[in-house]
Asker: 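Have a look at this one.
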Amino acid sequence: MPLTHTRDLFAKALKGKYALGAFNVNNMELLQAIVEACEEEKAPVMLQISKGARQYANPVYLKKLIEAAVSLTHIPIAVHLDHGDSFELCKECIDEGFTSVMIDASHEPFEKNVEICKKVVDYAHQHNCVVEGELGHLVGAQFDDGEEGGNYSMGGHYTHPDEAIKFVKESGVDSLAVAIGNSHGAYKFKGEQHLDLERLKAIKKALSDAGLGDYPLVLHGASSVPKDLILEINKYGGKMGEDTAGVPEADIEVARRIGCTKVNIDTDLRLAMTAAIRKCFAENPKEFDPRKYLSPARKGVKDLVRHKVRNVLCCSGHAFD
Ligand code: G3H
Ligand code: 13P
Ligand code: ZN
């Protein structure tokens, strides 16, 4: 079975009102865990590869590993560049056959972000690839000026609905990563905080009202940083800050219902893998066979992915729609 195009996965996810898990791949065990869980759940999946993953594992190894995963499973699999930081990197991935790329120029001023995205879009669309752009800054849960009154501030950290329309129309990107209080990594929030779901609704509606249809939105930084994993890591010798919290899974479920089509999860996979390895080392200090600690690590990631696709993203059972 060849790769499935990101465009087709998006179209089905929008129609079926579920979200696609976009899970980061850095090595064989992570990849096996993700695709085995999705195969068992009959869930379509997006595998995403960052610049750092390409530097760590080598693009050829990653490509061949994914080819193996595609040939050994029956579920639809798309391959996406996560946080592409230049036209050149995006072009490399497009030329390698990625079905989508993200060009992340969200740190640039609006017009420059548009210009950079447009250049990638022009190349990608000539080569059967689709593009994700990002507008706004992933600073974490905070209130942008005017947020409480519903009069969202222009040029703030969070994505503004009107700017989203202008950005999508001018850049031509096929999906949009939004900033609504989401943030990357294991230390997102202290205590429980929430996504600005009203703003997400407003962005979705604005794009639809502007004639852009049921436009696919993307949620980065969607790890929930499960407390039990943090405690497990620390129980077995880790020193992670325990007063940390991620995006509540209940918020992600609402975001999915509003129309977030792609949900990016990396940190939770790392936590699951680390917890299992630390436990194995602590309980078996004489162990030195990597297979002995990487097997439970793979199982930890697999259980986590299964939970996400089944209970949070609700894409289980949609592989063959
Ligand atoms: O959002 C970033 C992803 O978690 C990828 O992280 O650049 O360390 O591979 P990375
Ligand atoms: P997390 O750090 O919350 O897992 O976010 C991952 C991500 O956004 C990858 O692009
Ligand atoms: Zn991200």
Side-chain angles (χ1 to χ4, degrees), residues 6 19-27 29-31 33-34 45-59 61-62 65 78-86 89-90 93 98 100-107 113 131-141 157 159 173 175-190 193-195 216-227 229-230 233 240-241 244-249 251-252 255-256 260-275 300-301 304-305 307-309 312-313:
T6 301
L20 297 158
F23 299 106
N24 287 69
V25 173
N26 289 278
N27 66 14
E29 284 75 13
L30 283 164
L31 174 61
I34 297 163
V45 68
M46 292 190 66
L47 301 174
Q48 55 181 11
I49 297 186
S50 68
K51 180 178 177 177
R54 285 167 70 80
Q55 284 164 349
Y56 169 75
N58 179 307
Y61 275 101
L62 290 171
L65 283 170
V79 177
H80 176 82
L81 169 66
D82 189 28
H83 292 282
D85 63 354
S86 67
L89 175 58
C90 291
C93 293
F98 282 43
S100 47
V101 294
M102 176 194 194
I103 174 71
D104 182 359
S106 57
H107 50 284
N113 189 357
V131 179
E132 174 185 321
E134 179 167 312
L135 184 64
H137 307 125
L138 269 62
V139 290
H157 288 297
T159 309
V173 292
S175 59
L176 180 69
V178 294
I180 53 167
N182 41 328
S183 127
H184 287 116
Y187 299 101
K188 299 182 197 302
F189 317 135
K190 281 194 176 67
Q193 296 199 41
H194 292 276
L195 297 178
L217 299 177
V218 178
L219 191 67
H220 280 247
S223 280
S224 57
V225 191
K227 194 77 177 174
L229 289 179
I230 298 286
I233 288 170
M240 297 201 65
T244 181
V247 178
E249 288 185 341
D251 282 22
I252 296 175
R256 166 185 65 76
C260 250
T261 306
K262 171 173 175 275
V263 173
N264 288 14
I265 298 174
D266 186 4
T267 295
D268 284 355
L269 275 55
R270 297 179 182 192
L271 294 173
M273 184 163 240
T274 300
V301 176
L304 183 122
V305 171
H307 163 67
K308 297 286 182 185
V309 301
V312 183
L313 309 173

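For ligands, and for the atoms within them, numbers begin at 1 and follow the listed sequence.
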Asker: So is Met102 touching ligand 2 or not, going by heavy atoms under 4.0 Å?
Answerer: no
Asker: For ligand 2, indicate whether the residue Ile265 contacts it via side chain, backbone, both or neither (heavy-atom separation under 4.0 Å).
Answerer: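 It is the backbone that gets close, since no side chain atom is under 4.0 Å.
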Asker: Quick one: look at Ala222 and ligand 2, take heavy-atom pairs under 4.0 Å, and tell me if it's side chain, backbone, both or neither.
Answerer: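 Just the backbone.
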Asker: Using a 4.0 Å heavy-atom cut-off, say whether Asn24 meets ligand 1 through its side chain, its backbone, both or neither.
Answerer: side chain
Asker: Say whether Asp268, considering both its backbone and side-chain N or O atoms, lies within less than 3.5 Å of an N or O atom on ligand 2.
Answerer: no
Asker: Out of the N/O/S atoms in His220, what is the name of the one closest to the Zn ion (ligand 3)?
Answerer: ND1
Asker: Give a rough value, rounded to 10 degrees, for the angle at the Zn ion (ligand 3) between atoms NE2 of His184 and NE2 of His83.
Answerer: 100°
Asker: Identify the closest protein heavy atom to atom 3 (C) of ligand 1: which residue and atom is it, and at what distance?
Answerer: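 Of the protein heavy atoms, Asp266 OD2, 3.4 Å lies nearest.
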Asker: Only heavy atoms of Lys188, strictly under 4.0 Å: list the atoms of ligand 2 that pass.
Answerer: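 In order of number, 1 (P), 2 (O), 3 (O).
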Asker: Among all the protein's non-hydrogen atoms, which is closest to atom 10 (P) of ligand 1, and how far away is it?
Answerer: Arg270 NH2, 3.5 Å
Asker: So which protein heavy atom does atom 9 (O) of ligand 1 come closest to, and at what separation?
Answerer: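 For this ligand atom, the closest protein heavy atom is Ser50 OG, 2.6 Å.
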Asker: Select the closest option to atom 1 (O) of ligand 1 among Gln55, His184, Met102, Lys51, judged by heavy-atom distance.
Answerer: His184
Asker: Does Asp82 approach ligand 1 within less than 4.0 angstrom via side chain, backbone, both or neither, non-hydrogen atoms only?
Answerer: side chain
Asker: What part of Asn24, side chain, backbone, both or neither, has a heavy atom within less than 4.0 angstrom of ligand 2?
Answerer: side chain
Asker: Contact between Arg270 and ligand 2, counting heavy atoms under 4.0 Å?
Answerer: no
